[in-house]
Amino acid sequence: MIENLVIVESPAKAKTIEKFLGEDFRVISSFGHIRDLAKKNLGIDIKNDFSPEYEIPKEKIKVAGDLRKAAAESKNIWIASDEDREGEAIAWHLINVLNLDLSTTRRIVFHEITKDAISNAVLNPRQVDMNLVNSQQARRVLDRLVGYEISPVLWKKVQPALSAGRVQSVAVRLIVEREREIITFKSESSFRINGMFKIDTSDSENNIIRAEASKRFPGEKDALRFLELCSTAEFRITGISIKPGTKSPAPPFTTSTLQQEAYRKLGFSVAQTMAVAQKLYEAGKITYMRTDSTNLSKLALAKSREVILSEFGEKYSRTRQFKTKSKGAQEAHEAIRPTYPDTLTITGNQNERKLYELIWKRTIASQMADAEVERTTISIGMNNSPVLFQAIGEVIKFDGFLKVYAESTDIENNEDEKYIIPAVKKDMLLHYDSISATQKYTSPPPRYTEASLVKKLEELGIGRPSTYAPTISTIQNRGYVLKEDRPGEKRPITVISLSKGKVSTTSRIESTGKEKSKLFPQDIGMIVNDFLIENFSEIVDYNFTAEVEEQFDKIAEGRLKWTGMLDKFYSSFHKMVENTLEKKDRKTGIRILGNHPETGEQVSVKMGRYGPVAQIGESGNGTKPRFASLGKNQLLETINLQEALNLFRLPRSVGMHEGDEMIVGVGKFGPYIKYKNKFYSLKKGIDDPYSVTLERAIEIVKEKSESDKKKVLKDFGDIRVLNGRFGPYIVKEKENFRIPKGTETDKLTKEDCIRIIEQSKKTRKSSK
DNA sequence: CAGTGAGCGAGCTTCCGCTTGACTT
């Protein structure tokens, strides 16, 4: 018989706590929720007051069994799931699933994993809070109703296997709307004036002031006229302002800010960040990584202070507690921090070390003094124009937390250079060294990255720390959005320079629109989004979650009945579902682009069975329309008649080579040449399938055949040794086999290969 | 590996939030 059994949500937490509690305590974990709505059906008896049908999912049957067994062997049971809506529901489900006796079962909570906090919790047990449980049930049932009633509407009216939900559909909406802002954005240019001014000083190292005119000039002529004015102007310092300022450290990490900074500083995807953090957590290196709180425990504050005192000294220390600002935060955990702040570096793989270092720096910096800066602004006036030049310099007087950590921003090309301005006096005369007017284009709003999308969702109070990464996976898995890089385009810009009294104009090339790991909406995402906005506007409204959260809070406070809340929501929601099923046609995103210039047939684009297609002609009256798939990066929404007609030029013959025809087309894997029934890919970014010539096609085929020859190291007929991406390997009947390390590949015989194949077949079987 | 766009219909798809392995490559 075990005296005391404590049940927590996470096994890593169970392990830690067991160490704190004496021998009378056994600590085990429920691995999160152990029961959920029935997976197959709706799982809700709507007519019977939304009575939920709960079941233990297949993968939780073993856990539930283990828990039951442990409970039966224990005298007292302490349920220590997290202190939030979900945690309270877990406690309630545990009591039901394990058939616990309420007289010997106690609900306890603690916010930090320290001996004090846990002992304190054990001294203050309470009952399960049914109001809080009911607010979770309302949340769960509402999400099921939304997801399981709207998704089938999409299957009928748009395409099978699609999905909609309170969180994912808003995430897609954000991305689609941002793309449309980019599509309609009209870039404008103006001329930015930068001047380099010399001062007379004995210091030849630091005698240049870099300044920008406070005004931009709309056109080239205006800029030219201004530079001509500059060539004869007298420049004089008209103002000097020196202002002290301070900078404060950012709060310690939550899930969302960790994901953002790991992306910006380390280039991690959201899922990668969570996987690495999970490893660190399981190894006991950091606290829990799914949290919305910026709170640090007293112990962490004290330890961080000790570290700062010994590493940097007293004046760098400033203990702070941050208020969590995000909407709907439940604060069941601490901020993400090092378990032991005095551990500066850890062992582990490179990513683990990098992420740990980031967390350590952010935590320590949050407990450090403000940085003190001095911002100097110098104004330079002209005697023949009211335009002022301004130089802004910044000097760090005391680095404070910046010694350890500076937060990154999403703005990519921050051109505001801050530097030390030489000492100057008011009314001092200056002469220009050079002045230039550079054409600058305005940029469209940026596309979302995974991390910036998480940031936006958090601001809107949509989704939870445990779901940010899965939500981003879902919208990519459904094909609504695609994460990819785009090369960008070149464009000419005009630069006018004034030097030694002469004005000259040159043209330069700048690249624009280059994208790295950005989220691009796909046609199906845009169609589904528009369909949802037309028919379920309330659900995809950015405020929907915030509004229902308010009601969940009321339920938690006992001021609203959860089934009543659901009834009110469902009666209007279900009407939307029925109305859409009854009255709305299929949505294909069809656009009629015009008529074929020769035949006059209608040309249109739409979402077809296998993806977006262009179509010439209409079906019916005996004619069969022709179809062609849209190319990559073409959208139904933006493709024009000419581009659509172009799609029908492929596949095309480029000519004959040694008696066989060469055909160029675009397939599943991009543009290709088909020759003698074999396929050769066109070079990305070099060859264009519409314009590639016979000569070039022959060249590509030759190149590929030659590199294929190099690929074959040994040829024993049915067994071959090939050189692949990861080095040499053996191929037999389309099966690949690894060559053991240390083998000299050039000495391999057919017998060696047979032995390797048999050996690896054995190990494959034994591992199964 | 390099397509498809006839039509019918059975059977399937799907949510959000808690938590980790168990899978395959």
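Below, chains carry the letters A, B, ... as their sequence lines are ordered, and counting in each starts from 1.
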Pi-cation contact, A:Tyr148 with A:Arg144 (under 6.0 Å, within 45°)
yes
Under 4.0 Å from OP1 or OP2 of B:dG3: is there any side-chain N or O of A:Tyr672 that close?
yes
Hey, does A:Gly87 reach any base, or is it just sugar-phosphate, or nothing, if we go heavy atoms under 4.0 Å?
nothing
Bracket string, DNA chain B, 5' to 3' - pairs by Watson-Crick or G-U geometry under 3.5 Å, | interstrand:
.........................
Quick one: is A:Arg478 getting a side-chain N or O under 4.0 Å of the B:dT14 phosphate, OP1 or OP2?
yes
Check the distance between B:dG11's C1' and A:Trp155's CH2 and give it to me in whole angstrom.
11 Å
Walk me through whether A:Ile34 and A:Leu67 qualify under side-chain contact (heavy atoms from CB on, under 4.5 Å).
CA-CA 10 Å; A:Ile34 56 156; A:Leu67 288 168; 4.2 Å; yes
Starting from P on B:dC16, measure out to CG on A:Leu37 and report it in whole angstrom.
13 Å
Report which part of the nucleic acid A:Ala164 touches: base, sugar-phosphate, or nothing (heavy-atom distance under 4.0 Å, all strands).
sugar-phosphate
What are the two closest non-hydrogen atoms of A:Glu9 and A:Ser81, and how far apart are they?
OE2-CB, 3.5 Å
Centres of the A:Tyr672 and A:Tyr680 rings: under 6.0 Å?
no
Decide, yes or no, whether a salt bridge links A:Lys13 with A:Asp82 under the criterion of side-chain N to carboxylate O below 4.0 Å.
yes
A:Gln168 vs B:dC15: side-chain N/O to OP1/OP2 distance below 4.0 Å:
yes
For B:dT13, take OP1 and OP2 only and decide whether either is under 4.0 Å from a side-chain N or O of A:Ser151.
no
Provide a list of protein-nucleic acid N or O atom pairs under 3.5 angstrom, restricted to nucleotides 19-21 of chain B.
| from | atom 1 | to | atom 2 | distance (Å) |
| --- | --- | --- | --- | --- |
| B:dT19 | OP1 | A:Tyr288 | OH | 2.4 |
| B:dT19 | OP2 | A:Tyr288 | OH | 2.7 |
| B:dT19 | OP2 | A:Arg290 | NE | 3.0 |
| B:dT19 | O5' | A:Tyr288 | OH | 3.1 |
| B:dT19 | O4' | A:Gly32 | N | 3.4 |
| B:dT20 | OP1 | A:Ser10 | OG | 2.5 |
| B:dT20 | OP2 | A:Gln278 | NE2 | 3.2 |
| B:dT20 | OP2 | A:Arg290 | NH2 | 2.7 |

Plane angle bin for A:Phe573 and A:Tyr570 - parallel if under 30°, tilted between 30 and 60°, otherwise perpendicular:
tilted
A:Lys40 vs B:dT13: side-chain N/O to OP1/OP2 distance below 4.0 Å:
yes
With respect to the phosphate group of B:dT14, does any side-chain polar atom (N or O) of A:Arg144 fall under 4.0 Å of OP1 or OP2?
no
